[in-house]
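Step one of this worksheet: look at the structure below.
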Amino acid sequence: NQFWEVDYQNQDYDYRSLIISQICDLIIESSKTDDHPFSVVLLSLAEQILLTMLDKNKLWPERSAGSIGYGAKGKIYKALIAYSFKNLRLKNIEGVSRWTLPVKEVFSSALNKDDESSFEYYVIVGGDIVNLYNLDKPWVTENINQIFCIANDDYWHTAFKNFLYSSPI
């Protein structure tokens with residue numbers, strides 16, 4: 001518990017964000033191909049770890065970890081998407097909605113929030129809209145006006161800029 005309670009706001013290094021980013025990088029890299037062994041048992045543990053980190057992230061303010069427009073929370077969102085694709089491949093999930101319910105709920109609940117950490121969410125969903133569409137076409141179609149949020153210029157610009165930046169066009 002001490003890991004989550006340390007206040008890094010007035011310190012030179014935010015070790016918590018760095019550790020979280022490294023955990024996320026490990027999950028992202030091991031999820032890219034099936035060349036990296038990742039057992040189904042460990043896959044569910046990875047989901048629990050990511051969801052715990054995201055939940056605990058609410059307890060402390062975000063400090064950028066120097067990643068492209070996002071810090072530890074953005075890395076967690078990125079890792080959840082990568083994890084979802086690895087889960088999809090290992091379990092041969094068919095159907096329309098192909099991500100786990102807890103991960104889908106995380107992305108759905110973040111759509112309607114308007115707090116200082118929402119910026120990172122829109123960086124990720126804008127940049128990974130094609131991946132999200134491949135995971136759950138109806139969810140993206142139903143929420144497209146919230147993903148590219150016209151009501152909030154900052155979120156709209158953030159999501160659209162990252163869509164263009166990540167687009168293979």
Side-chain angles (χ1 to χ4, degrees), residues 3-4 8-9 14 16-28 31-32 43-88 93 95-167:
F3 178 78
W4 301 110
Y8 288 105
Q9 286 296 69
D14 181 356
R16 181 179 35 242
S17 290
L18 293 173
I19 291 168
I20 288 171
S21 290
Q22 290 299 304
I23 292 169
C24 291
D25 284 341
L26 177 67
I27 292 170
I28 291 167
S31 297
K32 284 184 178 177
L43 206 56
S44 62
L45 184 58
E47 179 180 338
Q48 289 175 357
I49 290 168
L50 289 169
L51 294 174
T52 297
M53 290 189 309
L54 192 61
D55 185 55
K56 297 287 187 179
N57 185 45
K58 297 172 189 167
L59 301 176
W60 38 275
E62 185 68 55
R63 285 179 55 169
S64 175
S67 300
I68 314 166
Y70 56 87
K73 190 168 190 175
K75 280 275 186 129
I76 297 169
Y77 285 128
K78 234 8 207 180
L80 283 167
I81 294 169
Y83 150 81
S84 294
F85 274 99
K86 185 69 168 190
N87 189 49
L88 178 70
I93 299 172
V96 178
S97 180
R98 304 180 320 158
W99 49 0
T100 66
L101 187 57
V103 173
K104 182 177 182 174
E105 287 173 354
V106 162
F107 279 84
S108 294
S109 68
L111 273 174
N112 298 318
K113 290 187 179 172
D114 189 20
D115 57 29
E116 60 189 52
S117 66
S118 295
F119 172 79
E120 290 186 80
Y121 175 78
Y122 288 97
V123 168
I124 302 305
V125 295
D128 277 323
I129 192 76
V130 173
N131 289 328
L132 292 170
Y133 187 81
N134 286 324
L135 285 172
D136 194 338
K137 179 181 176 180
W139 183 86
V140 171
T141 303
E142 179 181 314
N143 293 299
I144 195 71
N145 288 329
Q146 291 173 285
I147 293 168
F148 295 104
C149 182
I150 296 170
N152 185 316
D153 282 346
D154 290 335
Y155 294 160
W156 185 90
H157 285 276
T158 299
F160 197 71
K161 177 178 72 175
N162 283 281
F163 166 71
L164 293 175
Y165 179 77
S166 301
S167 176

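All values below were derived from every heavy atom in this structure, side-chain atoms included, with hydrogens, water molecules and symmetry-related copies excluded.
Counting all heavy atoms, side chain and backbone alike, Gly74 lies closest to Glu120 at N-OE1, 2.8 Å. Taking each heavy atom of Ser84 and Val103 in turn, the nearest pair found is OG-CG1, 3.7 Å. The heavy-atom pair separating Ala72 from Ser21 by the smallest distance is CA-OG, 4.1 Å.
Atom-to-atom distance recorded for Ile129:CD1 and Asn134:CG is 10.5 Å, nearest 0.5 angstrom. Of the inter-residue distances, the one linking Lys161 atom NZ with Ser166 atom OG reads 11.0 Å to the nearest 0.5 angstrom. Rounding to the nearest 0.5 Å places CZ of Arg98 at 11.5 Å from NZ of Lys137. If you take CG on Asn152 and CD on Gln146, they are separated by 12.5 Å, rounding to the nearest 0.5 Å. The distance from atom CG of Leu111 to atom OH of Tyr122, rounded to the nearest 0.5 Å, is 5.5 Å. Here CD1 of Ile144 is found 12.0 Å from SG of Cys149. Values are rounded to the nearest 0.5 Å.
Using the six-membered ring where Trp is involved, Phe160 and Trp156 have ring planes that are parallel, under 30° apart on the 30 and 60° scheme.
Counting heavy atoms from C-beta on, the side chains of Phe107 and Ile81 come closer than 4.5 Å. At least one side-chain heavy atom of Leu50 sits less than 4.5 Å from a side-chain heavy atom of Cys24. Contact of the Asp154 side chain with the Phe119 side chain is not registered, since no non-hydrogen atoms from C-beta on lie closer than 4.5 Å.
Looking only at distances, no side-chain donor or acceptor of Tyr133 sits under 3.5 Å from a matching main-chain atom of Thr141.
No close placement of the Tyr121 and Tyr155 rings is indicated, their centers lying 6.0 Å or farther apart.
Checking each of Ile23, Ile20, Leu51, Ile124 against Ile76 for a side chain to side chain contact (heavy atoms under 4.5 Å, CB included) leaves exactly one that passes, namely Ile20. Among the candidates Asn87, Val106, Leu132, Leu80, the single residue satisfying the side chain to side chain contact (heavy atoms under 4.5 Å, CB included) test with Trp99 is Leu132.
Between the side chains of Ser108 and Trp139, at least one donor N or O sits under 3.5 Å from an acceptor N or O. Remark: the Tyr83 side chain and the Glu47 side chain contain an N/O donor-acceptor pair separated by less than 3.5 Å.
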